[in-house]
Structure formats: C-alpha cells, structure tokens
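Because the structure is a prediction, the values reported are computed rather than measured. Ligands are counted one by one from 1 in listed order, and the atoms in each one are counted from 1 as well.
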Amino acid sequence: MTTDQARKEIQKLTDEINYHNDLYYQKHKTEISDFEFDQLLGKLVQLEQQFPELKQPDSPTQRVGGTITKAFQTVYHKYPMLSLGNTYSQEELTDFDSRVAKGLDGDPYEYFCELKFDGVSISLIYENGLLVRGVTRGDGVRGDDVTANVKTIRNIPLKVSGKNIPQSFEVRGEVFLPKDIFTQLNKEREDIGEERYANARNTASGTMKMQDSSIVAQRKLDCFAYYLLGEDLGIETHEEGIHNLEKWRFNVSDTYKKCKSLKEVFEYIDHWENRRGELPLETDGVVIKVNSLEQQERLGFTAKSPRWAIAYKYKAQSISTRLNGVTYQVGRTGAITPVAELEPVFLSGTTVKRASLHNANEITRLDLHIGDFVFVEKGGEIIPKVTGVDHTKRKGKTQPIHYITHCPECNTPLVRQEGEAAHYCPNINGCAPQIKGRIEHFIQRKAMDIDSLGEQTIRQLYELGLVRRPSDLYFLTKEDLLRLDKVKDKSAENMLKGIRESKQAPFESVLFAIGIRYVGKTVAEKLARHFKTIDRLMDASYEQLLEAPEVGEKIAQSVILFFSNPENREEVERLRQAGLHLEAVIKEVVLDSHVLEGKSFVISGVFEKYERDDLKDIILKNGGKVLSSISGKLDYLLAGDNMGPAKREKAEKLGVPIISEADFNVLLSGGKL
Ligand code: IVH
C-alpha cells in the first residue's frame, strides 16, 4: 500500500469508527456488532503501526489504550479544583440563599441546579480543539496527569469541532463506572475467584490510576461533564456553558434545571430524591449554582469553596430492621458468603429481605448479634448493605454470631488461607454448589457457549447423577436427556447439538472454561497464545509461567496448583477425548482443494473463528461460490451470530439448509452433513 492509499484508508476507517462511536454514545443506537466494530478498530491500529507518520492526534485508536505509564506526572491546575460547601437542610439552604442575595446587593439572580455525581472528578484541557491533558483532582492545587487513561473513555471527545470553538478551554466532569458495568465486573471477578470490589466509586478511582491504559479501556468508564472554564469563552451564564458542552458532544446528564427561585430549587431537590436511583451512578445530592458568570465573580470564593455554589446532601437511604439470622452461600470456587436475613422492610422503591455481609471480618467489625436492629443502606449496588447496628435497641441477653466452621452444603470443615478474607470449602469435587457452579461456568457464553443448557438443566443433570464434571456433558446421550423434566425429543436434540457445536470453541475458550482460579478470559487468551498447547501449559514451571504476559505470582501459583491436582489432569484428558480444542489455532492455512466444488453459499452474521472475508476466500479456494442473495438454487446459508431474521425466514421458506460454522468445517474437511 502506498502512503497515499494508506492516508485515504485511515481517513475512511476513522470516519466510519467515529460515526459508529457517535451513534452508540450520543444516540444509543448500533448498526454493527461489537465484533465488526473491533475489526474496524483493529485495521486502523494496524495501518497506524505501518504508517506512524499518518497517525492523527485524535485518532479513535487511542480509545483502546496501550500506553504504560510508570509514574504519573504531577501537574498544577490552572484553576484550583475547589470543593463545595455542604448543606443538609432546607434552613441551611435558605441561609445560603440569603448570603447570595446580600452579596449581590439585591440584584435579581437565577440558580442552575444539577445532581451531585459521586464519581472521580477530572479536569480536561483542550487546546485548538484537541484534548491535550486529563488531570485528577489531587489536592485541588495539583493532580496526576492521567491523559492516556482519560483518552480511553469513549464519551470524552478527543477533538471538538464546530463554529467558535475557544482556542483553549477546560472542562470539569465526573468519571464513573456505570452501575450495570460495575455489577457485571463483580460477577466476572467472583466467577474467577477474585474478591468483589466494594463500590463503584472506588473502583472508578482505582481504574483512573492504572498504569496500563489498555486495561482502563476494557473497564468501560463513563464521564458526565458539568463545568466549562476558560477565558474569552463568549458566554455569560453557566447554562450557556452547559449548552456548549452539549453541542461539543460531551456527555452532559440531562437532569439539570434552571430555577428562578429557591422554591423551584426545593422542588428540584424533591423531584430527584426518589428518582436518582434510576441514574447510572450514585448521586448523593444536588449542586446549586448561581447562573450568571458575572455574579459568580462578584460573589467570589472563600479559601476552600465558591460562595456562588453549594451542595445539598440527601440523607442516606438507610433504614433499621431486625436481623433474623445469617445464612451462608457457597460459590463455584468454594468461597463462603454470609447473607443477612432481615425482617422485610421497604427501602427506596423495593422490599429488602436480605443483605450482603461480605465475610467473617465484616460480621466481627459490625459486632452483629441475632435479633439486633441493623441499619440497611442501598448504595451503588443492587444488593443492599448492612452498615451498622442500632445498639440502643439491643435488649436482654443476645448472642453474637458465631461464624460457621463447616460447609453448609457438604459439612466439610472450612479453611481460611492466610491473607484472605473469605472462608473456603475445600471439598472441591464433592460439594454440590461447587460442582454445579463449575459446570455453569463452563457453559457460559465467554467459555464454551452452550446456550441450549441453563442453570435449571445443570441442576437436574446433577441431581440425576448424570453430570459431575464438565466433560460428562460430552458423553450424554439422548436417553439421558429425556429423563429431564419436560424435555422431549426436540429439546434433547437441541441440547446435544449445542454440546456438539461447542467442541469448535477455540483453545482460549476451553482454557477459560476449565475454571482455573484467577484465570479470566483475557488471561486465558494470553496463556493460550503464549503456551500454544495445554500440554505445554500443564508442564510449565513457575518461572516459565511468569514469563507469559499478564501473569503474576498469584496467577502462576494458581495454574501450578490447578494442574498439580491429578483430578484436574484427568479432566483435561477426558476433554481431549471428547474432541475439544486444546491447542491454539494459528490462523489455519487452508489448502486449495475441490471439496466445495459446485456448492454455493450466502454468508451472513459474525463468526467465531473466521472473519467474513476469510470465509469468502476459503470457499473460493476450495471450489465453491459465494452469492449475495438467497434463492431456491442456493446450496447453503452459512449463518453466524446476529444474522438478520429476514434472511433466516427466506431460507426456511425456500428450503435452503442453514448451516453453522461448525457444519462448514465439516464440509471443508470433506465430510457430509
Ligand atoms: S461543580 C467550584 N457540579 O463535587 C465547584 N461539582 O464537592 C465546582 N461534583 O470536586 C464543582 N457533581 O467532583 C460540580 N454537578 C456537579 C458535580 C460536582 C459532582 C463533585 C466534584 C467536586 C465536588 C465538590
């Protein structure tokens, strides 16, 4: 490719990616799958590596990170990042309003109200329309330069364009981890045996301080912008600043309101008191700002905070109720989680019956007794927390909670490793929830992706004694499955088909699926690429493991421990027997042949192992034809994920066989369907 061609291609890809980014983040719509999007981004990364001189400062490839920062530079803020005064009552707010009125000598004024977002404050510096720096609050005077990390946050514009863009300006906002992403992240951590993160705010804060920006990119942080600063901005009110931010495509929460009187401010506060739970992040109050910038200047600052703004804090959504008991749950990794069983109580929109207690330390810290009245609070998470005990209500002689010593499911004595907060049931191969949990982990989408099985099916298969470990799935017969509740011929066949097709899953998926503690999908991918085969991984020494990317002591030890257990090695052998991929496929070179001679294909959807263009090539090289539309003469519709329903319908109507990627591989290796 010539430089000129590359320049054109880079521009085309950039425009296309920006278009889809914009559609997703501004209009919440998608036209292509994540996979296709990643493909576009991948192509651009590749071209920029090949032609580094053509890389634009606002290239969307910066969103994927990749920069490693050893130590963040300390940067002075141009305008100090002050805090806000807090008020907790209408009276205090009325006092604030009187101070404002007095400070403005009786001139009329308006307020601009926003929610107070509980994230991590950030200062974004733009010069000539380009984002040049992102800095944390630090001590308010100087903070850390976290530009590489900030650039991975997709709705922070890398470039602002349009009419009258100031030459230099600063945007303040709050970086946060959306609640649903946080819940998902914790679910994934729990699944691989990592401890859960305590709350979304601290996780967002920790993420901003990560040294590897490609990990930050995976975290899917978000940012609400709420303040435009600078000289000669050509605006007279805070409101105009906010509208500019909206116009320049910053993510501004549409929860703001201009209020003409204190009465309207109170209405705003009341309005959001019970609705703020619907937002994607925690909000602990409202920020009330004097709208006119000239008036803000007249009011000025105290040493710590502006006189023109104040925060009204909502009272914590907390309630007291009786602790009826504590139950204990056993997870896939054997980790025990204590759960508070509460007298049902209504708290901001839902009835709360149970709350998480985390671990034994937490119970000791709270000094919990059965029958205590405890305070329950709803934080950023869906599961409420017990935050304290109402000691005034403790009556008579109550018993402190004695943490269980034996597994509630299999009665094995629990163990607690030094330095770990959780207790574990060590009966890995004999404890029901651990066995079922491992199989559920094995079939999940990111692993073997057997969606024809579910939690209920696994439970029944376990109860009937048909499945004790993942490999047993591959030796199930139709008769076995017909023993399950409400399972008839068709669904049994469907289950078997799903199980059979899962054998095509690549090595990295199998490696993730077998459930080595601390080996999540990303680590599994790195291990697969590094060691290439399961045999080499199983025989790797501790030192050799440490040489693999992203593998530290904790993971290396865990891999060694896993494969030092003969039962795990036997399981690997059974999976091998079943025909799973235990070796990495390094982009297969498909030899030219005539196996697809005379066969025509329409390709639709997204594929696991192949890119669409690869498929086309392979079909042509092996004697087949690729058509663009479905007709009665077509031999096969090759269907990947996300295929449109219209195509499926048409093929079904015309009796054209719809085949999967796995079926295609069969054809390719000369087999019959
Ligand atoms: S304005 C000079 N608006 O609250 C005051 N701050 O206690 C500029 N915050 O450090 C701040 N939501 O991190 C403002 N809508 C909002 C906010 C907000 C959250 C945070 C911000 C600031 C802290 C002040």
Side-chain angles (χ1 to χ4, degrees), residues 77-88 92-93 96 99-100 103 111-125 134-144 146 150 153 156 169-178 199-202 204-205 208-209 221-230 233 235 237-246 250-259 265 268-269 271-272 276 279-293 295-314 380:
H77 294 295
K78 184 165 179 193
Y79 309 97
M81 289 179 86
L82 299 175
S83 53
L84 290 168
N86 288 327
T87 56
Y88 295 88
E92 284 176 334
L93 200 52
F96 165 78
R99 289 197 298 276
V100 169
Y111 287 119
F112 196 85
C113 293
E114 292 161 11
L115 289 175
K116 188 166 190 301
F117 308 113
D118 193 14
V120 185
S121 39
I122 194 82
S123 148
L124 307 165
I125 313 290
V135 188
T136 62
R137 180 173 187 276
D139 62 5
V141 177
R142 53 202 185 159
D144 287 333
V146 288
V150 162
I153 303 174
I156 293 181
F169 63 90
E170 177 174 341
V171 177
R172 298 260 174 94
E174 209 74 2
V175 169
F176 64 96
L177 199 58
N199 66 60
R201 205 208 81 89
N202 291 358
S205 168
M208 285 310 288
K209 296 277 179 65
L221 291 168
D222 204 325
C223 177
F224 274 148
Y226 52 68
Y227 195 12
L228 173 64
L229 290 104
L233 296 176
I235 56 171
T237 60
H238 176 70
E239 183 186 19
E240 287 172 65
I242 291 293
H243 289 325
N244 273 347
L245 292 179
E246 288 175 324
F250 283 87
N251 186 27
V252 177
S253 166
D254 61 5
T255 48
Y256 59 74
K257 188 171 188 289
K258 187 163 77 176
C259 294
V265 172
Y268 179 85
I269 291 173
H271 177 87
W272 284 105
R276 64 203 167 102
L279 293 165
L281 82 163
E282 276 269 286
T283 50
D284 53 358
V286 166
V287 182
I288 300 122
K289 304 172 180 176
V290 169
N291 195 21
S292 150
L293 300 185
Q295 290 180 340
Q296 287 187 3
E297 212 169 303
R298 273 167 64 195
L299 289 164
F301 297 85
T302 68
K304 281 191 296 188
S305 51
R307 288 201 188 88
W308 48 265
I310 199 152
Y312 174 91
K313 291 285 200 79
Y314 287 118

Undergrad: Heavy-atom count check: over 12 atoms from other residues, nucleotides or ligands less than 6.0 Å from Arg142 CZ?
TA: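 Counting other residues, nucleotides and ligands, CZ of Arg142 stays at 12 neighbours or fewer.
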Undergrad: At what distance, to the nearest 0.5 angstrom, does NZ of Lys313 lie from OH of Tyr88?
TA: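 If I round to the nearest 0.5 Å, the distance is 4.5 Å.
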Undergrad: Do Thr255 and Phe117 make a side-chain contact, defined as non-hydrogen atoms from C-beta onward lying under 4.5 Å apart?
TA: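 Yes, at least one pair of side-chain atoms sits under 4.5 Å.
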Undergrad: Which atoms of ligand 1 have any heavy atom of Pro306 under 4.0 Å away?
TA: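 Listed by number with element: 2 (C).
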Undergrad: Would you say Ser123's side chain and Val135's backbone share a donor-acceptor pair under 3.5 angstrom?
TA: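 It does not hold such a pair.
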Undergrad: Leu115 heavy atoms, cut-off 4.0 Å: which ligand 1 atoms fall inside?
TA: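 Those qualifying, in numeric order: 12 (N), 15 (N), 16 (C).
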Undergrad: So between Phe224, Tyr226, Tyr79, whose heavy atom ends up nearest atom 6 (N) of ligand 1?
TA: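 Closest candidate by heavy-atom distance is Tyr226.
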Undergrad: For Ile310 and Leu93: C-alpha separation, side-chain torsions, deciding distance, then whether side chain to side chain contact (heavy atoms under 4.5 Å, CB included) applies.
TA: CA-CA 8 Å; Ile310 199 152; Leu93 200 52; 3.7 Å; yes
Undergrad: Counting both backbone and side chain atoms, is some N or O of Glu174 under 3.5 Å from an N or O of ligand 1?
TA: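 Among all N and O atoms of Glu174, at least one is under 3.5 Å from an N or O of ligand 1.
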Undergrad: Do any nitrogen or oxygen atoms of Ser121 come within less than 3.5 Å of a nitrogen or oxygen of ligand 1?
TA: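 Yes - when backbone and side-chain N and O of Ser121 are compared with those of ligand 1, one distance drops under 3.5 Å.
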Undergrad: Regarding atom 15 (N) of ligand 1: of the candidates Lys116, Met81, Glu114, which has the closest heavy atom?
TA: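 The option holding the nearest heavy atom is Glu114.
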Undergrad: Look up atom CG in Asp284 and atom CZ in Arg201, then write down how far apart they are to the nearest 0.5 Å.
TA: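 Between atom CG of Asp284 and atom CZ of Arg201 there are 10.0 Å.
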Undergrad: Which option wins on minimum heavy-atom distance to atom 19 (C) of ligand 1: Phe112, Tyr227, Phe117?
TA: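 Looking at heavy atoms only, Phe117 sits closest to atom 19 (C) of ligand 1.
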Undergrad: Among protein heavy atoms, which sits nearest to atom 3 (N) of ligand 1, and what does the distance come to when rounded to 0.1 Å?
TA: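 Protein heavy atom with the smallest distance to atom 3 (N) of ligand 1: Lys289 NZ, 3.0 Å.
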Undergrad: Identify the closest protein heavy atom to atom 5 (C) of ligand 1: which residue and atom is it, and at what distance?
TA: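 The answer is Leu84 CD2, 3.6 Å.
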Undergrad: What do you reckon, does Arg172 put a non-hydrogen atom under 4.0 Å from ligand 1?
TA: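 In this structure, Arg172 fails to qualify as a contact of ligand 1 - no heavy atom is under 4.0 Å.
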Undergrad: Can a side-chain donor-acceptor contact be found between His243 and Glu246 if the only test is distance below 3.5 angstrom?
TA: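 Distance-only check passes for Glu246 and His243.
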